[in-house]
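What follows is one structure encoded as structure tokens, with my remarks underneath.
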Amino acid sequence: NAGVTQTPKFRVLKTGQSMTLLCAQDMNHEYMYWYRQDPGMGLRLIHYSVGEGTTAKGEVPDGYNVSRLKKQNFLLGLESAAPSQTSVYFCASSYRAANTGELFFGEGSRLTVL
Amino acid sequence: KNQVEQSPQSLIILEGKNCTLQCNYTVSPFSNLRWYKQDTGRGPVSLTIMTFSENTKSNGRYTATLDADTKQSSLHITASQLSDSASYICVVSEAVSGNTPLVFGKGTRLSVIA
């Protein structure tokens with residue numbers, strides 16, 4: 001049972017380039033989330049999904065897009081990367097809504113934008 | 001504004017010693033409080049989840065307490081081991097319907113040395 005898997009684990013981009021982070025979970029969870037973690041700050045929610053085909057904005061959605069075409073996958077896209085998007089990105093999933101259900105996190109994807 | 005404050009910011013203890021980490025929150029209405037352990041370069045892993053009616057919860061050598069009246073929680077680690085070196089994150093969720101964001105603390109960095 002792999003849990004939550006993120007790819008890639010590391011990526012370096014130049015300003016203006018685009019990329020997609022992939023999150024896959026094998027626990028049949030309805031809810032999936034993308035967070036970013038920056039030094040000296042708590043995790044912040046970027047976007048989330050309450051089921052296949054649905055997405056919603058979190059606290060810091062600007063500059064990111066997401067898609068949930070399949071229940072097990074949640075993609076995070078950066079259309080035009082900026083240095084402010086240098087961060088560690090975590091995907092999480094839960095069986096119930098985040099405020100009541102336990103979150104299971106991936107190992108993180110470290111992104112550097114030059 | 002809903003906030004979660006953790007103290008101390010960092011802590012160094014000798015292997016075998018006990019320690020207590022603190023979490024104060026202003027989140028209201030309160031649903032539950034969680035403690036996560038995050039090893040360096042890894043994703044957070046859940047240690048405990050406590051609801052309003054629970055004032056103590058244990059997970060092996062980890063014991064969390066909750067005082068919902070004073071809005072304080074603590075995480076006590078007994079007989080620390082080198083593998084306890086990690087960041088410990090306090091997370092509080094609101095008791096409202098829907099998928100509202102969790103409020104993450106900045107974490108306490110614990111270093112256990114031999």
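All chains are named by letter (A, B, ...) in the order of the sequence lines, taking the proteins before the strands, and each is independently numbered beginning at 1.
Applying the salt bridge (charged side-chain N to carboxylate O under 4.0 Å, His left out) definition to pairs two or more places apart or across chains, those involving residues 32-42 of chain A are Arg36(A)-Asp38(A), Asp38(A)-Arg44(A).
Heavy atoms of Gln37(A) lying under 4.5 Å from chain B belong exclusively to its side chain.
For the ring-ring contact (aromatic ring centres under 6.0 Å, His included) test, residues two or more places apart in sequence or in another chain that qualify with Tyr25(B) are Phe30(B).
In terms of hydrophobic clustering, with Ile, Leu, Val, Met, Phe, Trp and Tyr side chains grouped at heavy-atom distances under 4.5 Å, Leu45(A) and Val103(B) are assigned to different clusters. Tracing side-chain contacts under 4.5 Å through hydrophobic residues (I, L, V, M, F, W, Y), one reaches Val27(B) starting from Leu21(B); they form part of the same cluster. Linking Ile, Leu, Val, Met, Phe, Trp and Tyr residues whenever their side-chain heavy atoms come within less than 4.5 Å leaves Leu75(A) and Val50(A) in two separate clusters.
Annotation: residues 103-114 of chain A contacts chain B through Leu103(A), Phe105(A), Gly106(A), Glu107(A) [non-hydrogen atoms, separation under 4.5 Å]. Scanning residues 38-54 of chain B against chain A with a 4.5 Å non-hydrogen threshold yields Gln38(B), Gly41(B), Arg42(B), Gly43(B), Pro44(B), Ser46(B), Ile49(B), sorted by number.
No more than 12 heavy-atom neighbours from other residues, nucleotides or ligands sit within 6.0 angstrom of CD1 on Ile12(B). Within a 6.0 Å radius of CD in Glu79(A), other residues, nucleotides and ligands contribute 12 heavy atoms or fewer. Atom NZ of Lys71(B) is surrounded by more than 12 heavy atoms from other residues, nucleotides or ligands within 6.0 Å.
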After noting the C-alpha distance and the side-chain angles of Leu102(B) and Tyr35(A), does the key distance pass the side-chain contact (heavy atoms from CB on, under 4.5 Å) rule? CA-CA 11 Å; Leu102(B) 303 176; Tyr35(A) 288 90; 4.2 Å; yes
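Note: Glu59(A) CD to Phe104(B) CZ = 8.5 Å, rounded to the nearest 0.5 Å.
Within the 4.5 Å cutoff, the side chain of Val91(B) has no heavy atoms near those of the Leu43(A) side chain.
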